[in-house]
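The figures here come from the full heavy-atom set of this structure, side chains too, leaving out hydrogens, waters and symmetry mates. Note that the structure is predicted; figures quoted are calculated from it, not measured.
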Amino acid sequence: MSVSCGPLGTSLTQEILSSLGLADKTTAWGTLGTLRTFLSFSADKDVQRLLKAIAGQGVDYDTIVDVLTNRSREQRQLISRAFQERTKQDLLKSLQAALSGNLEKIVVALLQPAAQFDAQELRTALKTSGSAEDVALEILATRAAPRLQACLAVYKHDFQVEAEEDIRTETNGILQDLLLALSKGDRESYSGIIDYNLEEQDVQALQQAGESGTAGQWVLLLTQRSPEHLIRVFDQYRRCTGQELEDAIRNCFHGDAQLALISLASMLRNTALYFANKLHQALQETEPNFQVLMRVLISRSESDLLSIRAEFKKKFGKSLYSSLQDAVRGDCRSALLALCRAEDI
């Protein structure tokens, strides 16, 4: 049995936009990201501001941050081209020469095309011991299909190897199975039709897989079905078995396999909450984990950072912006705060 249904999440979108006073401005806002297309954009004017910021006696860090964190990624690419045409110099290299430390890393990430940023993060994750189950899963599981395909194409071009080959070389077991399946980009898209028969079949398949302790069915469903469908499967699984899917995973698997499956299930169940938890964890370390903060804030700034902020405050009782203010010091602080945007939610 199938039932037509509108896209999930509309009510949450409206709730968040309403709390920001933007409920009637969805056309202008466009997404649940904190960064959007700058309406009064002029690449030439931005080039002039950046030239002035790096050509004076001292570097004007505030201007650099203001320009780059108030433009969409597409607009930043246009600024780079205009800078090249005007000065015959590369904007990224010019800014790198003027900056250092974590602020330089943020500027590099902001000026890279999204696919290149993702490809480099994925490569680092696969080549760094202990981070594949975390960052690689995050990138492969949470990027929209077009962005994922672009990432994998850049990966092959920049590193002269398919991401799939690195996954086979650097990982093993269930984690490898998950990453390989996700890298194929074959996840079903949500059609707006609720298929109750398929829900029931998937719940039964997961129950049987749990009883047998085999991972194949878990990998297949968690990497193939749409997130919208899986959320309903998770709820139906709880109603049928009396336990959450994550608890079933804990009972069936151990070690890296358990961590990978639970992480993927958490991303699919509530992507914004997953990232809120990740940001909170990064802020709770003795020294805030800059790499995590930068990756999440930049990669989600044009898609769903408003949702992440809402989940962060709901769970931890304090705004993400205030948490960043309290925990982060140094030259990168203003840029991270600018990406987050001051908030009342």
Side-chain angles (χ1 to χ4, degrees), residues 31-35 65 68-69 72-73 76 92 96 99 101-144 147-148 150-152 154-155 158-159 163 166-167 170 179 182-183 259-260 263-264 266-267 270-285 287-309 311-312 320-321 323-324 327-341:
T31 74
L32 284 174
T34 54
L35 297 188
V65 169
L68 297 183
T69 61
S72 67
R73 193 176 288 274
R76 292 193 292 269
L92 179 56
Q96 283 182 292
L99 303 171
N102 288 334
L103 181 56
E104 179 188 349
K105 294 177 182 177
I106 290 178
V107 166
V108 169
L110 286 170
L111 286 174
Q112 288 177 321
Q116 185 179 18
F117 175 71
D118 286 342
Q120 289 188 352
E121 290 290 306
L122 179 58
R123 173 76 168 187
T124 300
L126 292 174
K127 294 296 182 179
T128 303
S129 176
S131 66
E133 70 276 8
D134 184 12
V135 181
L137 262 181
E138 173 192 313
I139 292 172
L140 294 177
T142 65
R143 300 308 190 251
R147 179 165 171 175
L148 177 59
C151 163
L152 296 175
V154 170
Y155 193 104
D158 287 1
F159 307 117
D166 277 345
I167 291 171
E170 304 295 338
L179 294 177
L182 290 168
S183 69
L259 291 174
S263 291
L264 182 53
S266 298
M267 294 177 205
N270 188 332
T271 303
L273 178 58
Y274 172 83
F275 281 115
N277 286 328
K278 184 168 283 293
L279 288 168
H280 185 260
Q281 182 180 1
L283 290 167
Q284 294 304 302
E285 297 184 19
E287 287 292 329
N289 190 323
F290 166 79
Q291 196 64 31
V292 171
L293 296 174
M294 180 186 74
R295 185 181 68 255
V296 174
L297 291 177
I298 290 178
S299 67
R300 313 308 296 188
S301 62
E302 293 186 48
S303 57
D304 60 355
L305 190 49
L306 289 178
S307 297
I308 295 169
R309 287 184 354 185
E311 292 288 359
F312 190 100
L320 175 58
Y321 189 90
S323 298
L324 287 167
V328 178
R329 296 291 180 268
D331 58 358
C332 68
R333 184 170 184 261
S334 62
L336 293 178
L337 290 172
L339 288 167
C340 178
R341 295 289 190 266

Closer than 3.5 angstrom, by distance alone: can the side chain of [X] be matched with the main-chain N or O of [Y] as a donor-acceptor pair?
X: R73; Y: Q112; result: yes
X: T34; Y: L339; result: yes
X: R76; Y: L111; result: no

Does any part of the side chain of [Y], heavy atoms only, come nearer than 4.5 Å to the side chain of [X], both counted from C-beta?
X: T271; Y: R300; value: yes
X: V135; Y: T128; value: no
X: V296; Y: V292; value: yes
X: R147; Y: S299; value: yes
X: Q96; Y: V107; value: no
X: F275; Y: E138; value: yes
X: I308; Y: L297; value: no
X: D134; Y: K278; value: yes

field: Test side-chain contact (heavy atoms from CB on, under 4.5 Å) applied to V65 and L103, step by step
entry: CA-CA 9 Å; V65 169; L103 181 56; 4.0 Å; yes

Can you tell me how far [atom2] of [Y] sits from [atom1] of [X], rounded to the nearest 0.5 angstrom?
X: K127; Y: D166; atom1: NZ; atom2: CG; answer: 4.0 Å
X: R123; Y: I139; atom1: CZ; atom2: CD1; answer: 13.0 Å
X: S323; Y: L279; atom1: OG; atom2: CG; answer: 9.5 Å
X: Q281; Y: N289; atom1: CD; atom2: CG; answer: 8.5 Å
X: E104; Y: D331; atom1: CD; atom2: CG; answer: 9.5 Å
X: N277; Y: F312; atom1: CG; atom2: CZ; answer: 9.0 Å

Heavy atoms only: give me the nearest [X]-[Y] pair and the separation to one decimal.
X: A109; Y: M294; value: CB-SD, 4.2 Å
X: L283; Y: L320; value: CD1-CD1, 4.2 Å
X: S183; Y: L152; value: O-CD1, 3.1 Å
X: L35; Y: T69; value: CD2-O, 2.8 Å
X: L336; Y: L324; value: O-CD1, 4.2 Å
X: A163; Y: L122; value: CB-CD2, 4.3 Å

